[in-house]
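Inspection log for the structure reproduced underneath, given as structure tokens.
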Amino acid sequence: MASAREQGGDDGKNSITIPLLGDEKAEQRSFYNGDQLPKSADDLDSVHVGNTSFFKTCFHGINAISGIGIVSIPYALASGGWLSISLLFMIAIACYYTGLLVKRCMDMDPHIRTFPDIGQRAFGDKGRLMVSIAMNSELYLVVT
């Protein structure tokens, strides 16, 4: 077998000797310590300096979430047909009614601030525990 240099690659760089991903943290540390200055415009691309604000981050997050909905709902409706449109409206009505019930529960007792408080008011300490477990399980499953 011929080596890379014998096949015409005389610069000594091949896919075995050059890592696909460099150690960016080490490069940034050495750059910020003044050990290494950028030599070209390509070297400037490897340094990531954050210049965003909390408002911009929230704005772009909301745009991403609404963008997913804008793209996925028409596809879901096209795949599901007319039945999916009626189910979508039924779910919206159920969410609206649930919101009214939660508001009514919170208006009854000014000490109710969270869903586990509503569970405790309705079913005692076991209700509070059940609602807490259900909420935390949902959050955990969404993350995973």
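Here the closest heavy-atom approach between residue P116 and residue M135 is recorded as CD-SD, 3.9 Å.
To the nearest 0.5 Å, the span separating CE on M90 from CD1 on I85 amounts to 14.0 Å. Distance check, rounded to the nearest 0.5 Å: CG of D107 to CG of L100 gives 10.5 Å. Atom CD1 of I70 and atom CG of N63 lie 8.5 Å apart (nearest 0.5 Å). With rounding to the nearest 0.5 Å, the separation of CG in L129 from CZ in F123 is 13.5 Å. For the atom pair I133 CD1 and M130 CE, the distance stands at 7.0 Å (nearest 0.5 Å). Note that CD1 of I93 is 10.0 Å distant from CG of L88, once rounded to the nearest 0.5 Å.
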Could you walk me through whether F115 and V102 pass the side-chain contact (heavy atoms from CB on, under 4.5 Å) test, one step at a time? CA-CA 8 Å; F115 287 113; V102 169; 3.7 Å; yes

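Within a 6.0 Å radius of CG in D125, other residues, nucleotides and ligands contribute 12 heavy atoms or fewer.
A salt bridge is defined here as a Lys NZ or Arg NE, NH1 or NH2 lying under 4.0 Å from an Asp or Glu carboxylate O, and R121 with D117 fails to meet this definition.
Note on L77 and F89: same hydrophobic cluster, where clusters join Ile, Leu, Val, Met, Phe, Trp and Tyr whose side-chain heavy atoms are under 4.5 Å apart, directly or indirectly. Under a hydrophobic-cluster definition in which Ile, Leu, Val, Met, Phe, Trp and Tyr are linked whenever side-chain heavy atoms come within less than 4.5 Å, directly or via other members, W82 and I73 are assigned to the same cluster.
A donor-acceptor pair under 3.5 Å is absent between the side-chain atoms of S137 and the main chain of A134, judged by distance alone. Under the 3.5 Å distance criterion, the side-chain polar atoms of S86 are matched with a main-chain donor or acceptor of L83.
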